[in-house]
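Everything below concerns the one structure shown next.
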Amino acid sequence: MTRIIGLTGGIATGKSTAAAYLREQGFPVLDLDQLTHDLEAHDQDVIQQITAVFGPAVQTDGQIDRKKLGRIVFADPHLLKQLVRIINPALLKVIAEKTAPDWLILDAPTLFENGFTSYVDLILMVTCEPMIQMQRLITRDQVSISWASRLIGAQWPQRTKAALADQVVDSTQGKQKLYRELQRFIENLR
Ligand SMILES: CC(C)(COP(=O)(O)OP(=O)(O)OC[C@H]1O[C@@H](n2cnc3c(N)ncnc32)[C@H](O)[C@@H]1O)[C@@H](O)C(=O)NCCC(=O)NCCS
Ligand SMILES: Nc1ncnc2c1ncn2[C@@H]1O[C@H](COP(=O)(O)OP(=O)(O)OP(=O)(O)O)[C@@H](O)[C@H]1O
């Protein structure tokens, strides 16, 4: 029977790093960021709906230009909600069809914000200190402090997510410590 672990946390806190480790340990992972990218590149219904709301300028070569769309929606919470309303049904359709012999990891950065908590059996959150989060985001994505603040501000605060999660792992002190915490999490699952 498929049981779903929702892997979530703030932007650039280490979710993909945690997901990669869990995948190495044998867990199947459904990455909702990647799924979103696939839908915005190939799903004609999604592309059409996004274009109807945000205009033809968000399309390049028949696909959604995510950098352009990101600049629009992360600058306006109402527009971000409109985008989520378009994407959510398409994501939920894939989630509902996905099966695994035991645990399935749903790598879902905005599990809470998108209203996906009722689709998972357990919530695992990756956290890190806010200053480290800011530094990692600026370094990884080469963005300004003000844009990084906007991206962080578009999500629920880390402390709110941590209070609602079943388990929290912390990536502040490096990858090896994060992996040890994940290993403990796995051992307690079995
Ligand atoms: C805004 C878009 C076009 C930006 O694409 P881009 O390739 O530049 O960024 P990417 O998808 O890799 O996202 C980077 C990070 O942004 C954050 N983010 C993505 N979607 C959201 C959202 N709805 N709310 C807040 N933060 C978000 C996440 O931390 C994510 O990991 C894209 O993220 C998108 O379509 N998002 C809406 C769909 C969604 O909610 N996806 C998350 C499902 S859990
Ligand atoms: N424990 C860690 N120690 C040091 N650096 C880390 C650690 N975990 C992640 N990083 C680095 O921080 C950055 C963000 O990590 P990652 O991409 O895994 O975050 P994310 O939460 O998946 O981000 P997003 O929300 O944008 O998808 C990356 O450059 C990654 O190499």
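Fair warning: this is a prediction, and the values are worked out from it, not measured in the lab. Each ligand, and each atom within it, is numbered from 1 in the order the structure gives.
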Using heavy atoms and a threshold below 4.0 Å, how should the contact between [X] and ligand 1 be classified: side chain, backbone, both, or neither?
| X | value |
| --- | --- |
| I64 | neither |
| L83 | side chain |
| F74 | side chain |
| T36 | side chain |
| N114 | side chain |
| T110 | both |
| E113 | neither |

List ligand 1 atoms under 4.0 Å from [X], heavy atoms only on the residue side.
| X | result |
| --- | --- |
| I11 | 15 (C), 16 (O), 29 (O) |
| P109 | 28 (C), 29 (O), 31 (O), 44 (S) |
| V84 | 23 (N), 40 (O) |
| K67 | 6 (P), 7 (O), 8 (O) |
| L80 | 22 (C), 23 (N), 24 (N) |
| H37 | 7 (O), 10 (P), 11 (O), 12 (O) |
| A154 | 25 (C) |
| E40 | 3 (C), 34 (C), 35 (O) |

Where do [X] and [Y] come nearest, in terms of heavy atoms and distance?
| X | Y | value |
| --- | --- | --- |
| D170 | C128 | OD1-CA, 3.8 Å |
| A148 | M134 | CB-SD, 3.5 Å |
| Y119 | I4 | O-CD1, 3.6 Å |
| A162 | V168 | O-CG2, 3.9 Å |
| A165 | M125 | CB-CB, 3.8 Å |
| L137 | I152 | CD2-CG1, 4.0 Å |

Counterpart residues, side chain to side chain contact (heavy atoms under 4.5 Å, CB included), relative to R23 (two or more places apart): V29
What's the shortest distance from [atom] to any protein heavy atom, and which residue and atom give it?
| atom | value |
| --- | --- |
| atom 31 (O) of ligand 2 | K175 NZ, 3.4 Å |
| atom 30 (C) of ligand 1 | D33 OD2, 3.4 Å |
| atom 27 (O) of ligand 2 | D33 OD2, 3.6 Å |
| atom 7 (O) of ligand 1 | R66 NE, 2.6 Å |
| atom 28 (C) of ligand 2 | R140 CD, 4.0 Å |
| atom 22 (O) of ligand 2 | S16 OG, 2.5 Å |
| atom 5 (N) of ligand 2 | R136 NE, 3.5 Å |
| atom 28 (C) of ligand 1 | Q155 NE2, 3.3 Å |
| atom 21 (O) of ligand 2 | K15 NZ, 2.7 Å |

Nitrogen or oxygen of K15 less than 3.5 angstrom from that of ligand 1: no
Residue part near ligand 2, for S171, under 4.0 Å between non-hydrogen atoms: both
Y179 OH: over 12 foreign heavy atoms closer than 6.0 Å: yes
Heavy-atom neighbours of Q48 CD exceed 12 at 6.0 Å: no
Close side-chain approach of [X] to [Y], heavy-atom, < 4.5 Å:
| X | Y | result |
| --- | --- | --- |
| I11 | R140 | yes |
| L164 | W156 | yes |
| I5 | L106 | no |

Under 4.0 Å to a heavy atom of I11 - the qualifying atoms of ligand 2, by number: 25 (O), 26 (O)
Proximal ligand 2 atoms for G10, defined as those under 4.0 Å from one of its heavy atoms: 21 (O)
Does [X] come within less than 4.0 angstrom of ligand 2, counting non-hydrogen atoms of the residue?
| X | result |
| --- | --- |
| A12 | yes |
| G174 | yes |
| C128 | no |

Heavy-atom nearest neighbour of atom 18 (O) of ligand 2 within options T8, T17, V126: T17
Contact bool for atom 2 (C) of ligand 1 (protein heavy atom, d < 4.0 Å): no
Verify atom 33 (O) of ligand 1: protein non-hydrogen atom under 4.0 angstrom away: no
Electrostatic pair R136:E129 at N-O distance under 4.0 angstrom: no
Stepwise side-chain contact (heavy atoms from CB on, under 4.5 Å) check, D107 with L30: CA-CA 6 Å; D107 182 352; L30 178 60; over 6 Å; no
Trace of the salt bridge (Lys or Arg N to Asp or Glu O under 4.0 Å) decision for K161 with E113: CA-CA 10 Å; K161 292 183 178 181; E113 294 89 334; 2.9 Å; yes
Verdict with reasoning, L178 to V169, per side-chain contact (heavy atoms from CB on, under 4.5 Å): CA-CA 7 Å; L178 173 67; V169 289; 3.9 Å; yes
Close aromatic pair by centroid cut-off 6.0 Å: W103 and F27: no
Exercise: do Q167 and E181 side chains pair donor with acceptor under 3.5 Å: no
Working for side-chain contact (heavy atoms from CB on, under 4.5 Å), residues T99 and L104: CA-CA 8 Å; T99 57; L104 168 72; over 6 Å; no
Any N or O of G14 closer than 3.5 Å to N or O of ligand 2: yes
CA sep, side-chain torsions, deciding dist, call: T13, T127, side-chain contact (heavy atoms from CB on, under 4.5 Å): CA-CA 6 Å; T13 52; T127 188; 5.7 Å; no
